[in-house]
Amino acid sequence: MVEKNNAKITPDELKQRLNSGPVFILDVRNQEEFSRWHIEGKNKPEILNVPYFEFLENEEESAKKVPKDRPIIVVCAKGESSNWVTNDILHPRGYEALSLKGGMLGWGSFYDIHELTESFSDVVRIYQLERAARGCLHYIVAYGDRAVVIDPPRHIEQILELTRKMNLRVTHIFDTHAHADHISGGVTLSKKTGAPYYLHPYDGIHPIDVLPTRISYEPLWDGMKFKLGEATLNVIHIPGHTLGNLAYLIEGKQRYLFTGDSIFINSISRPDLGGRADTWAPLHYRSLFEKLLKLPDDINVLPGHFSTFSEAREDGVFIATLGELKRKNPDLSPRSEKEFVDYILSSLPVFPPQYLDIKRVNAGLIEVEEEKENEFELGKNVCALAHAYQS
């Protein structure tokens, strides 16, 4: 029997288990919360949803629903109800069970950090921060004793801890666009580090409210270049997902294209989150097929999101060459502009209403407490086309 004080598993440890083999999860949230969002991984876990209140009503009968022949990971919203179910219900009945520390809130704020094995040289390194629960990807590019941050997450302590550990000074903070699926840490990170925060001015206006942003940023334009030691960061304007959508091409001994919300591993981004899909879809086509796909095939693509863990390489990094994506990504199949627009408009997933408020937070138009930020960011992002989320 596992002792109560040791009956917890951290999000990091859970991610490792999901990477290595099958996991059985007992989710004790109510059915509505469970249906909106639950744990996924490289190896699809077996999940049983038995709401907490059922254990309160009948401990014995509820416990009988849980298999006894395997280890159990118990999950709730914040880690409190799962502790009770683990320690007071399952352990006394001989189950091998662990409670997820911090619950789904802890899982939602966990980041797995991958250093790319490829690099320009010993002094230029790229780190991919994978937010497993959201399917979001964020980047630190270290050059010498300095670093730039691309698409910083709300939880900037992840950036600060990694740069502090490596004695790096953040010099530039770049967002690829004004995000709708998650709250950017760009402005906060800028205040903490003193590094300028960059955004395309076309994304300096909330597309629905048509109000200018209240945040401070430095403008980025197509064709701008930044020296990163022996490498160069090139700014490419690719309107479609947003009007100010950008990609960043870093060139050195190797070339990396940070595509943000444009090209993903198995899909592409949607053009309707500004409420103007009919108008933005043709722009999206020209940005993809007349700009990005004209770049050399050997460029390494680093996307801003993923839909499934199977998109990652064996080492956990979400990356592919542009040539590979031209061959394997179904959304990049050759089409005329009209065919592409028709395809896009028929493939849009549901529009999450909270995305409007996330954009308002990122534009500085509203301020919300951390609890509300957590609520806004519940569940996976839905920035890709609908087929990307089909199992």
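Worth knowing before you read on, the calculation uses all heavy atoms, side chains too, and leaves out hydrogens, waters and symmetry mates.
- Put simply, the side chain of Arg134 gets close to the backbone of Glu377: a donor and an acceptor are under 3.5 Å apart.
- Between Arg93 and Glu59 a salt bridge is recorded (basic side-chain N to carboxylate O distance below 4.0 Å).
- Not one N or O on the side chain of Lys78 forms a donor-acceptor pair closer than 3.5 Å with the backbone of Leu105.
- Contact check on Asp12 versus Lys15 returns no salt bridge, with no Lys/Arg side-chain nitrogen under 4.0 Å from an Asp/Glu carboxylate oxygen.
- Side-chain contact between Thr163 and Thr193: absent, with no pair of heavy atoms (C-beta onward) separated by less than 4.5 Å.
- Rounding to the nearest 0.5 Å gives a distance of 10.5 Å between CD1 of Ile173 and CD1 of Ile140.
- No more than 12 heavy atoms of other residues, nucleotides or ligands shown are found within 6.0 angstrom of NZ on Lys328.
- Ring-plane geometry between His179 and His182 is classed as tilted, the angle between the planes lying from 30 to 60 degrees on a 0 to 90 degree scale.
- In summary, the side chains of Ser184 and Asn362 do not present any donor paired with an acceptor at a separation below 3.5 Å, with no hydrogens or angles considered.
- Closest non-hydrogen pair, Ala178 versus Asp203, comes out as N-OD2, 2.9 Å.
- Here the CG-CG distance, from Leu189 to Leu160, works out to 6.0 Å after rounding to the nearest 0.5 Å.
- Closest non-hydrogen pair, Gly304 versus Thr259, comes out as N-OG1, 4.5 Å.
- The main-chain N or O of Ala363 is found under 3.5 Å from a side-chain atom of Thr213 such that the two form a donor-acceptor pair.
- Side-chain atoms of His284 and Asn245 include no donor-acceptor pair closer than 3.5 Å.
- Arg70 CZ: more than 12 foreign heavy atoms inside a 6.0 Å radius.
- In terms of heavy-atom proximity, Ile358 sits nearest to Asp181 at CD1-O, 3.6 Å.
- For the atom pair Ile263 CD1 and Lys326 NZ, the distance stands at 9.0 Å (nearest 0.5 Å).
- A salt bridge between Glu369 and Lys372 is absent, with no side-chain N of the basic residue lying under 4.0 Å from a carboxylate O of the acidic one.
- In this structure, the side chain of Ser190 does not engage the main chain of Gly186 through any donor-acceptor pair within 3.5 Å.
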Hey, mind stepping through Tyr95 and Leu26 against side-chain contact (heavy atoms from CB on, under 4.5 Å) and telling me if it holds?
CA-CA 12 Å; Tyr95 287 84; Leu26 171 62; over 6 Å; no
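- Arg29 places a side-chain N or O within donor-acceptor distance of the main-chain N or O of Trp37, the cut-off being under 3.5 Å.
- Across all their heavy atoms, Ile156 and Gly185 have their closest contact at CG2-O, 3.6 Å.
- No side-chain heavy atom of Phe309 sits under 4.5 Å from any side-chain heavy atom of Asn43.
- Side-chain N or O atoms of His206 include one that pairs as donor or acceptor with a backbone N or O of Asp209 at under 3.5 Å.
- For CD of Glu290, the number of neighbouring non-hydrogen atoms (other residues, nucleotides, ligands) closer than 6.0 Å is greater than 12.
- Using a 4.0 Å cut-off between charged nitrogen and carboxylate oxygen, Asp145 and Arg169 do not count as a salt-bridge pair.
- Ser216 contributes atom OG, which lies 7.5 Å from atom NZ of Lys191 (distance to the nearest 0.5 angstrom).
- Between the side chain of Asn266 and the main chain of Glu311, no donor-acceptor pair closer than 3.5 Å is present.
- No more than 12 heavy atoms of other residues, nucleotides or ligands sit less than 6.0 Å from atom NZ of Lys165.
- Among Val301, Leu332, Leu257, Leu249, the one residue that satisfies the side chain to side chain contact (heavy atoms under 4.5 Å, CB included) test with Leu292 is Leu257.
- To the nearest 0.5 Å, the span separating CG on Leu348 from OH on Tyr343 amounts to 10.5 Å.
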Kindly determine whether Val235 and Tyr198 satisfy side-chain contact (heavy atoms from CB on, under 4.5 Å), including the steps that lead there.
CA-CA 11 Å; Val235 178; Tyr198 294 88; over 6 Å; no
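- Aromatic ring pairs are classed by plane angle as parallel below 30°, tilted from 30° to 60° and perpendicular above 60°; the pair Tyr248 and Phe174 is tilted.
- Across Tyr111 and Arg154, no two heavy atoms sit closer than the pair OH-N, 4.5 Å.
- Gln31 and Asn49 share no donor-acceptor pair across their side chains, judged by distance under 3.5 Å alone.
- Cys76 approaches Ser81 most closely through the heavy-atom pair SG-N, 3.6 Å.
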Salt bridge (charged side-chain N to carboxylate O under 4.0 Å, His left out) evaluation trace for Glu13 with Lys8
CA-CA 10 Å; Glu13 292 167 337; Lys8 291 184 181 179; over 6 Å; no
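- Between the His241 side chain and the Arg270 main chain, a donor and an acceptor come within less than 3.5 Å of each other.
- Put simply, the side chain of His114 never gets that close to the backbone of Gln128: no donor and acceptor are under 3.5 Å apart.
- Salt bridge Arg164/Glu157: absent, no basic N to carboxylate O contact under 4.0 Å.
- Residues Leu283 and Leu243 form a side-chain contact, since some pair of their non-hydrogen atoms from C-beta on lies under 4.5 Å apart.
- Rounding to the nearest 0.5 angstrom, the gap separating the CG atom in Asp297 from the CG atom in Leu325 is 10.0 Å.
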For a side-chain contact (heavy atoms from CB on, under 4.5 Å) check, start with the C-alpha distance between Leu273 and Thr242, then their side-chain angles and the critical distance, and finish with the verdict.
CA-CA 8 Å; Leu273 296 180; Thr242 67; over 6 Å; no
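- For Tyr256 and Tyr139, the distance between ring centers is not under 6.0 angstrom.
- Between the side chain of Lys101 and the main chain of Gly106, no donor-acceptor pair closer than 3.5 Å is present.
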